[in-house]
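We name chains A, B, ... by the order of the sequence lines, and we start the count at 1 in each one. Computed over heavy atoms, backbone and side chain alike; hydrogens, waters and symmetry mates excluded.
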Number of protein chains: 2
Amino acid sequence: MSSNENRDKLIRTASRLFRSKGYDGVGLKEILAAADLPKGSLYYHFPGGKVELADAATRWAGDWVARMLGQCFETAMCFEEGGVKTCETLAANAEHHNSVPACPVVSILQAAPSEPALRKTAEDIHNTWTAGLVRQAERFGVPDPHAAALSLHMRLQGAWILAYAQQSGAPFHQLAAELRKATAG
Amino acid sequence: MSSNENRDKLIRTASRLFRSKGYDGVGLKEILAAADLPKGSLYYHFPGGKVELADAATRWAGDWVARMLGQCFETAMCFEEGGVKTCETLAANAEHHNSVPACPVVSILQAAPSEPALRKTAEDIHNTWTAGLVRQAERFGVPDPHAAALSLHMRLQGAWILAYAQQSGAPFHQLAAELRKATAG
DNA sequence: AATTTCCTAGACCATTTGGTCTATAGCGGA
DNA sequence: TCCGCTATAGACCAAATGGTCTAGGAAATT
């Protein structure tokens with residue numbers, strides 16, 4: 001029963017490719033070749049085809065990010081430090097893989113006008129992330145938790161876009177430095 | 001000699017569509033239909049085809065953003081106020097058109113792995129924007145102009161992504177409020 | 001041993017993709 | 001009037017797209 005094994009392989013492969021070239025920039029052909037699986041497998045595990053696969057892949061990657069955020073803030077002493085640790089994790093990932101994949105949500109966002117299901121997915125994931133950050137801000141007693149969470153989310157997205165554009169972890173380090181200053185100052 | 005007229009129409013139409021659905025999400029067919037022009041016109045004005053058109057469209061939109069930044073900072077009393085005005089302009093645009101197009105650079109970024117020319121274009125435009133912001137930061141005597149410019153660029157990109165995802169100007173207003181606080185506090 | 005269930009395998013399809021090429025319309029100058 | 005240039009017009013092409021469908025292999029259940 002390699003069922004789940006191959007299903008997972010499709011999700012992981014698709015996620016990687018979508019985050020590199022965007023939803024519309026990757027064909028099923030390429031995904032199946034990379035996963036070394038035939039088309040029959042794809043449509044067995046994902047009867048909804050490309051959209052359903054992209055949905056699963058994005059939610060999977062989105063969950064990874066959410067868990068990563070949780071861990072970074074768990075071990076932090078204040079809200080800003082959680083942000084710093086997040087930056088460092090994303091930068092370390094970039095440097096380890098020698099490439100910066102886009103934020104999983106961003107990689108399906110441009111397909112949203114044509115695929116309403118993906119817009120919903122993007123919204124769900126963003127809400128999850130923001131909700132998690134709000135909880136952390138509350139936990140640390142930040143004055144305006146909602147504003148602080150949105151602010152950090154915004155800055156992480158900005159750093160991520162720049163890092164993706166430059167294919168470099170530098171923007172994450174830049175943001176980390178900035179957050180550190182906010183703690184000290 | 002409607003030459004330049006139709007060339008411009010292609011650029012404007014392409015820019016709008018690319019910013020809505022991304023480089024790979026729009027076909028030449030759709031662009032030509034929207035511009036009401038035949039394929040011959042496209043390949044006459046842009047022998048390089050889709051890539052050359054996307055390049056021109058992105059640089060055109062990128063220049064618009066650069067000029068807009070210049071105007072917002074020209075009439076500002078401090079660096080943060082320039083950022084606030086920029087947010088307000090982007091939000092007003094969103095509300096006026098009842099839709100939020102993506103940052104022009106973001107809309108071609110995902111095609112960069114397959115089209116090196118577009119990666120170069122994205123880099124050029126980002127550099128132009130950052131350089132402009134650095135100049136403004138220097139003009140206002142900001143302590144670390146480079147860091148301030150990068151920081152604002154990052155936050156604008158983040159707000160833009162969130163605004164695009166939500167199809168709402170709210171993130172721009174949120175960032176504006178944040179920048180205002182930084183001035184007052 | 002027979003049967004059923006799960007999953008793989010890939011041929012096949014209509015449609016669309018970006019791109020090339022020829023024909024020609026319109027117009028300014030000779 | 002004829003020429004020559006600019007630009008439009010769209011037929012046409014090979015390749016790729018996402019998707020459907022039938023056939024069969026492998027393993028568990030009976």
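In this entry the distance linking CG of B:D55 with C1' of C:dG18 reads 17 Å, nearest Å. Between the C1' atom of C:dT8 and the NZ atom of A:K9 lies a distance of 13 Å, rounded to the nearest Å. Straight-line distance from the CZ atom of B:R7 to the P atom of D:dT6: 15 Å, rounded to whole Å. Atom CG of A:L53 is separated from atom P of D:dG19 by 10 Å (rounded to the nearest Å). Distance, B:E52 CD to C:dG18 P: 15 Å, rounded to whole Å. In this structure, B:N4 atom CG and D:dT8 atom C1' are separated by 15 Å, rounded to whole Å. Whole-Å rounding puts the B:Y44 OH to C:dT20 P distance at 17 Å.
For the pair B:E30 and B:K21, the salt-bridge criterion is met [side-chain N within less than 4.0 Å of a carboxylate O]. Under 4.0 Å is where a charged nitrogen must lie from a carboxylate oxygen, and between B:D63 and B:R67 no such pair does.
For the residue pair B:S41 / B:N6, no side-chain donor-acceptor distance below 3.5 Å is found, with atom types taken as modelled. A side-chain donor-acceptor contact under 3.5 Å links B:H126 and B:Q157. Using a 3.5 Å distance cut-off with no hydrogens or angles, the side chains of B:E95 and B:H173 do pair a donor with an acceptor.
OP1 or OP2 of C:dT8 lies within a sub-4.0 Å distance of a side-chain N or O belonging to A:N6. Phosphate proximity of C:dC6 to A:H45: absent, as no side-chain N or O sits under 4.0 Å from OP1 or OP2. For A:K39 and C:dG10, the shortest distance from a side-chain N or O to OP1 or OP2 is not below 4.0 Å. Here A:S41 does not reach the OP1 or OP2 of C:dC7: none of its side-chain N or O atoms lies under 4.0 Å away.
Of all nucleotides listed (D:dG18, D:dA7, C:dG18), D:dG18 comes nearest to the side chain of A:K50. Set against C:dC7, D:dG19, C:dG10, the side chain of A:P38 has C:dG10 as its closest nucleotide.
In this structure, B:F73 and B:F140 have tilted ring planes: the angle between them lies in the 30° to 60° band.
Residues from residues 10-32 of chain A with heavy atoms under 4.0 angstrom of DNA chain D, sorted by number: A:V26, A:G27, A:L28, A:K29.
Using a 4.0 Å heavy-atom cutoff across all strands shown, A:G40 reaches at least one base atom of the nucleic acid.
Figure legend: cation-pi geometry between B:K50 and B:Y23, with NZ or CZ positioned under 6.0 Å from the six-membered ring centre and within 45° of its axis.
Residues B:Y43 and A:D36 both approach DNA chain C. Their nearest nucleotides, taken by heavy-atom distance, put A:D36 toward the 5′ side. The residue among A:P47 and B:L37 whose nearest nucleotide of DNA chain D is located toward the 5' end is B:L37.
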